[in-house]
Enquirer: 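This is the structure I have questions about; it appears just below.
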Protein chains: 2
Amino acid sequence: MCASKNYKEISIGELNRSKILNAAEKEFALHGFKGARVQQIADRAELPKTNVLYYFKSKESLYLALLEDILRLWNSRFDEATVSDDPAEVLAQYIADKMEISRCRPDASKMFALEIINGAPNLDTFFKDQHASWMAGRVDVIKQWIDQGKLAATDPHYLLFNIWATSQHYADFSIQINELRGKSMTQTDFAEATNNLVKLILTGCGLSVPTEFE
Amino acid sequence: MCASKNYKEISIGELNRSKILNAAEKEFALHGFKGARVQQIADRAELPKTNVLYYFKSKESLYLALLEDILRLWNSRFDEATVSDDPAEVLAQYIADKMEISRCRPDASKMFALEIINGAPNLDTFFKDQHASWMAGRVDVIKQWIDQGKLAATDPHYLLFNIWATSQHYADFSIQINELRGKSMTQTDFAEATNNLVKLILTGCGLSVPTEFE
DNA sequence: ACAAAAGCTGACCATTTAGTCTAGTATTTA
DNA sequence: TAAATACTAGACTAAATGGTCAGCTTTTGT
């Protein structure tokens, strides 16, 4: 069910680029930027190391290309929500979208987590400003919902942090989760976890759970 | 308010060891095991590199010593809770303890997060087994609470994952949080965030919030 | 068909890295 | 106070790493 590319009519270069990006995402997720090795990315992509550096001029530019890709993942329907939308629907869908990313792109989530934990040295001011203004806009909408009595009073910042923390946890800490559950999460498990999380967050905000998440 | 050692009567060796451990925790939290550099740990500890390798025979043994320390942090009063305890009290206190760790030992939390994200290559079978049996015990207690009608029906695994995810997020993603809030979290902010989180989780479990967390 | 562009890669290099060695200086102990 | 232990530190090394280069082959557009 995860989105995947149509492999017809793509040049050998595009194919290799995508092989390299996939391999690199895995390696960076496993070892972070400093810890990842170009040779191991090459091995995983089944290409000689020189080939990796042919397509991406340096380890850093490969990392940055990947990071840019990942930041685009964060876009969602919640970005355009306004005060006239139904908060229960919007938030439930946002949570579900986040959970879907954790299921389909766990390594992207891990790479992003590492970048933040390591002090976000590669996220430039432009991204940070953009991110901050996105946040300001969303906080504003949530505040208006609260003012209209649609939502229990709560700090919108903490609400969003909680949504990110819980949903991303299923990707970032999947090793621990699988260990403790004694089995890995199937698609059905993810659906159950999503409903569980929607219920927790929405109930916590004084909202009722939309029927499709019950 | 964070716990700290009494520096009287400690030998120069103990002092240096602790300097090194502090410096290493920071470096490992910033770069992960592979990415951290012994030289930078030494610089941060204000000791020559050779000195670091005098006290800890290798980068790996330093990392392991630190990791062992950190695993002990996870111990809490929740470990001994039984079905006869009040779930609201116990869970609220557990959440508060976790938040306190995020506030006082953010680098420890980050190091642990990196270890898990990177596939837990240094957590041995003994720890994993111990952790799994701890989990089984706690899941059991929560289930009994649910059977007794003290707690709304929910999967105890997800409940614990949610508590960890949200509380650790304040340490692991502090850079992002500070950026988006436009200021860093004070002790007061942490108290507020703790109460907010206790309310979310407990309400989500159908529990009422103990007065000290309101 | 053919030239230009794109793709490929082994050999190589400068730098960085964890860790050693040796030779010393403080500090503790008997 | 002498011997033993604990600590300090510069010089060094072997291995690993990111990256270059020059010459090769394959693909593509006309």
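All values derive from a computational prediction rather than experimental measurement. Each chain gets a letter, A, B and so on, in the order the sequences are listed, and its residues count up from 1.
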Enquirer: Ring centroid separation for B:F173 and A:W164, is it under 6.0 angstrom?
Expert: no
Enquirer: Could you tell me how the ring of A:Y63 sits relative to the ring of A:F28: parallel (under 30°), tilted (30 to 60°) or perpendicular (over 60°)?
Expert: perpendicular
Enquirer: Keeping B:T203 on the side-chain end and B:L200 on the backbone end, is there a donor-acceptor pair under 3.5 Å?
Expert: no
Enquirer: How close or far is atom C1' of D:dT8 from atom CD of B:E46, stated in whole angstroms?
Expert: 16 Å
Enquirer: Over how many whole Å does the gap from B:K19 atom NZ to D:dC7 atom P extend?
Expert: 13 Å
Enquirer: Counting primed atoms plus P, OP1 and OP2 as sugar-phosphate and everything else as base, spell out the protein contacts along nucleotides 2-9 of chain C at 4.0 Å heavy-atom distance: B, S or - for each nucleotide, 5' to 3'.
Expert: ----SBSB
Enquirer: Determine, for A:F33 and A:K59, whether the Lys NZ or Arg CZ falls below 6.0 Å from the six-membered ring centre while staying within 45 degrees of the axis.
Expert: yes
Enquirer: Take the protein atom CD1 of B:I41 and the nucleotide atom P of C:dG19, then report the distance between them rounded to whole Å.
Expert: 10 Å
Enquirer: Are A:R138 and A:F78 in a cation-pi contact, defined as NZ or CZ under 6.0 Å from the six-membered ring centre and within 45° of the axis?
Expert: yes
Enquirer: Check whether any side-chain N or O of A:W134 sits under 3.5 Å from a backbone N or O of A:D79 as a donor-acceptor pair, and report yes or no.
Expert: no
Enquirer: In whole angstroms, how far is the P atom of D:dA22 from the CG atom of A:L53?
Expert: 17 Å
Enquirer: To the nearest Å, how far apart are B:E27 CD and C:dT17 C1'?
Expert: 15 Å
Enquirer: Between D:dT27 atom P and A:L15 atom CG, what is the distance in whole Å?
Expert: 13 Å
Enquirer: Give the intermediate values and the outcome of salt bridge (Lys or Arg N to Asp or Glu O under 4.0 Å) for residues A:D189 and A:K183.
Expert: CA-CA 10 Å; A:D189 290 332; A:K183 55 184 186 265; 6.0 Å; no
Enquirer: Below 3.5 Å is the cut-off: list the nitrogen or oxygen pairs between protein and nucleotides 13-17 of chain D, distance only.
Expert:
unit_1 : atom_1 : unit_2 : atom_2 : d
D:dT17 : OP1    : A:R37  : NE     : 3.2

Enquirer: Which residue in the set B:R105, B:R44, B:K19 passes salt bridge (Lys or Arg N to Asp or Glu O under 4.0 Å) when paired with B:E25?
Expert: B:R105
